[in-house]
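A quick write-up on the structure given underneath.
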Amino acid sequence: MSRFWLAALAVAVTGGSAAAQSPTQRGDYLVNSILNCGGCHTPRGPGGAEKAFSGGNVFDTPRFKVVSSNITPDKQTGIGNWTNDQIKKAIMHGVRPNGVALAVMPSAFYAGLTTRDADAIVAYLRSLKPIRNEVPAPQYKEPAKHEALPAPGKMRGKVKQGYYLATIGHCMECHTPMEKGQPLLTTALGAGGREFKGPWGVSKARNLTSHKEKGLGSWTDAEIKRAITQGVRKDGTKLNPPMGFGAYAKMTDKDMTALVAYLRTLPPKE
Ligand code: HEC
Ligand code: HEC
């Protein structure tokens with residue numbers, strides 16, 4: 001098979017919008033839409049956008065106190081000296097070059113990234129402007145662990161593409177109830193209930209399953225898309241953070257349609 005056809009096939013499998021997209025463009029699209037890496041790695045608050053991806057957000061829990069890393073190519077304070085493989089290992093396996101496991105990075109979800117997409121993410125990170133921003137060292141009170149995701153059932157076409165996007169978008173990390181710091185992915189996938197505290201008060205991740213009353217079973221596709229991309233509920237009221245509505249709004253319509261098609265297949269849960 002010629003290189004052209006291999007590339008075309010990869011686009012068909014991963015749903016790329018244009019065959020002409022370079023790895024850096026593909027990485028830009030993924031990182032700034034469905035992956036929303038900046039949601040954790042871009043400093044929150046005013047001036048954050050100018051320091052995009054330079055880290056500094058604090059995650060303080062009983063098990064660890066960590067600060068999101070500077071993932072710009074700055075050599076002293078970012079990942080400028082890391083090899084491509086070291087960067088991919090941190091993203092997809094949650095392990096730093098020194099062997100220490102990352103706690104907050106949703107790596108179990110990134111483990112399923114296709115090689116093409118993982119390489120595209122690295123290419124994009126390398127293309128960023130290096131920003132000097134030293135973040136404090138993490139404190140782990142117990143070793144971090146990442147549970148493997150359950151194997152997906154048989155899926156094809158649009159639903160399979162939507163499953164891929166929902167996975168790498170780690171939707172289910174927030175939308176699945178937790179036990180001992182790990183989401184109950186096999187028994188309560190998408191059932192919601194996790195609480196997020198912030199300046200907005202407390203928001204509770206919603207039930208995304210096809211349950212008619214508790215989930216999205218009675219929502220139209222357009223209502224689901226509006227919730228994801230504009231942060232608006234079925235009844236028209238505004239959803240609170242921390243979901244990355246602005247990033248998700250940058251998804252292509254094809255990817256958004258696939259994502260919704262997958263959500264429709266989630267078995268109803270109370
Ligand atoms: C839920 C928040 C969150 C998301 C989403 C997230 N990260 Fe992270 N990431 C962190 C935190 C916090 C750390 C460092 C501490 C830890 O996790 O133990 C980290 C560490 C890293 C590291 C290791 C750098 C170092 O110096 O140790 C890399 C590389 C990285 N992230 C890249 C990414 C990329 C690329 C994405 C998007 C695909 C992403 N992260 C999404 C929170 C996040
Ligand atoms: C960082 C955590 C987080 C991530 C990641 C996340 N969500 Fe959410 N989501 C929430 C929270 C919290 C709410 C409820 C906010 C509120 O009620 O104010 C919500 C609400 C929603 C709603 C509205 C449902 C309703 O009943 O109002 C939909 C639909 C949704 N999320 C889908 C998704 C999809 C699809 C993804 C992945 C692309 C995703 N979410 C990723 C936290 C998250």
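Both counts, for ligands and for their atoms, begin at 1 and track the order of listing.
Among all protein heavy atoms, the one lying closest to atom 26 (O) of ligand 2 is Arg206 NE, 3.1 Å. Atom 23 (C) of ligand 1 has Trp82 CH2, 3.8 Å as its closest protein atom, hydrogens excluded (heavy atom only). For atom 17 (O) of ligand 1, the closest non-hydrogen atom on the protein side is Val104 N, 2.9 Å. Protein heavy atom at the shortest distance from atom 39 (C) of ligand 1 is Met105 SD, 3.4 Å. With respect to atom 4 (C) of ligand 1, the closest heavy atom belonging to the protein is Cys40 SG, 3.3 Å. Of the protein's non-hydrogen atoms, His41 NE2, 3.5 Å is the one closest to atom 10 (C) of ligand 1. The protein heavy-atom contact nearest to atom 41 (C) of ligand 1 is Tyr110 OH, 3.3 Å. Nearest non-hydrogen protein atom to atom 14 (C) of ligand 1 is Ser69 OG, 3.3 Å. Nearest protein heavy-atom neighbour of atom 13 (C) of ligand 2: Ala205 CA, 3.9 Å. Of the protein's heavy atoms, Met243 CE, 3.4 Å lies nearest to atom 33 (C) of ligand 2. In terms of protein heavy-atom proximity, atom 27 (O) of ligand 1 is nearest to Arg96 NE, 2.3 Å. Nearest protein neighbour of atom 1 (C) of ligand 2, counting heavy atoms only, is Cys174 SG, 2.7 Å. Taking atom 12 (C) of ligand 2 as the reference point, the nearest protein heavy-atom neighbour is Ser203 OG, 3.4 Å. In terms of protein heavy-atom proximity, atom 18 (O) of ligand 2 is nearest to Asn240 N, 2.7 Å.
At a threshold of 4.5 Å between non-hydrogen side-chain atoms, the residues Pro138 and Arg96 count as touching. Side-chain contact between Trp200 and Pro242 is present, with at least one heavy-atom pair separated by less than 4.5 Å. Between Met251 and Leu165 there is a side-chain heavy-atom pair separated by less than 4.5 Å. Looking only at side-chain heavy atoms (C-beta outward), Phe245 and Leu239 come within less than 4.5 Å of each other. Within the 4.5 Å cutoff, no side-chain heavy atoms of Tyr164 are placed close to those of Ile34. Counting heavy atoms from C-beta on, the side chains of Tyr163 and Thr265 never come closer than 4.5 Å. Using a 4.5 Å heavy-atom cutoff, the side chains of Lys65 and Val58 are in contact. Taking the side chain as every heavy atom from C-beta outward, Ile87 and Arg126 approach each other to under 4.5 Å.
Remark: the Thr72 side chain and the Asp74 side chain contain no N/O donor-acceptor pair separated by less than 3.5 Å. Of the N and O atoms on the side chains of Thr61 and Lys141, not one donor lies less than 3.5 Å from an acceptor on the other residue. Side chains of Asp235 and Thr237: a donor on one and an acceptor on the other come within 3.5 Å.
Going from atom OG1 of Thr176 over to atom CG of Asn207 covers 9.5 Å, rounded to the nearest 0.5 Å. With values rounded to the nearest 0.5 angstrom, Tyr124 atom OH is found 15.0 Å from Asp117 atom CG. Within the model, atoms CD of Glu223 and OG of Ser218 stand 7.5 Å from one another, a figure rounded to the nearest 0.5 Å. With rounding to the nearest 0.5 Å, the separation of SG in Cys171 from OH in Tyr262 is 8.5 Å. To the nearest 0.5 Å, atom CE of residue Met256 and atom CZ of residue Arg226 are 13.5 Å apart.
Neither the backbone nor the side chain of Glu173 comes within contact range of ligand 2; no heavy atom lies under 4.0 Å. Residue Trp219 touches ligand 2 through its side chain alone, judged by heavy-atom distances below 4.0 Å. Only the side chain of Tyr140 comes within 4.0 Å of ligand 1, counting heavy atoms alone; its backbone N, CA, C and O stay farther away. Counting heavy atoms under 4.0 Å from ligand 2, residue Asn207 does not touch it at all. No part of Val31 comes within 4.0 Å of ligand 1, judged by heavy-atom distances. At a heavy-atom distance under 4.0 Å, no atom of Ala144 approaches ligand 1. Of the heavy atoms in Leu208, only side-chain atoms (C-beta onward) come closer than 4.0 Å to ligand 2.
The two residues Asn133 and Gly55 come nearest to each other via the heavy atoms ND2-O, 3.5 Å. Summarising the geometry of His170 relative to Phe109, their closest heavy-atom pair is CB-CG, 3.7 Å, with the distance given to 0.1 Å.
Among the backbone and side-chain atoms of Cys37, none of the N, O or S atoms lies under 2.8 Å from atom 8 (Fe) of ligand 1. Contact annotation: His175 places an N, O or S atom under 2.8 Å from atom 8 (Fe) of ligand 2.
On a distance-only criterion, Asn36 and ligand 1 share no N/O pair closer than 3.5 Å. Inclusion of Ser68 in the set of residues having an N or O under 3.5 Å from an N or O of ligand 1 is not warranted.
Which of Ile71, Thr77, Val58, Val66 comes nearest to atom 22 (C) of ligand 1 through a heavy atom is settled by distance: it is Ile71. Between atom 38 (C) of ligand 2 and the options Ala247, Gly169, Cys171, the minimum heavy-atom separation is to Cys171. Looking at Val202, Ile224, Ile228, Val232 and measuring to atom 35 (C) of ligand 2, the nearest heavy atom belongs to Ile228.
Close approach to Arg233 involves these atoms of ligand 2, each under 4.0 Å from a residue heavy atom: 16 (C), 17 (O), 18 (O), 27 (O). Under a 4.0 Å criterion applied to the non-hydrogen atoms of Phe196, ligand 2 contributes the atoms 2 (C), 12 (C). In the vicinity of His170, heavy-atom distances shorter than 4.0 Å reach the ligand 2 atoms 5 (C). Of all atoms in ligand 2, numbered sequentially from 1 with element shown, those under 4.0 Å from a heavy atom of Ile34 are 38 (C). Set against the non-hydrogen atoms of Ala103, the atoms of ligand 1 under 4.0 Å away are 16 (C), 17 (O), 18 (O).
Under a 4.0 angstrom heavy-atom cut-off, Val67 registers as being in contact with ligand 1. Not a single heavy atom of Gly39 sits under 4.0 Å from any atom of ligand 1.
When each of Asp221, Thr220, Asp255 is checked for a side-chain contact (heavy atoms from CB on, under 4.5 Å) with Val260, only Asp221 meets the rule.
A salt bridge links Asp119 with Lys88: the distance from a Lys NZ or Arg NE/NH1/NH2 to an Asp or Glu carboxylate oxygen falls below 4.0 Å.
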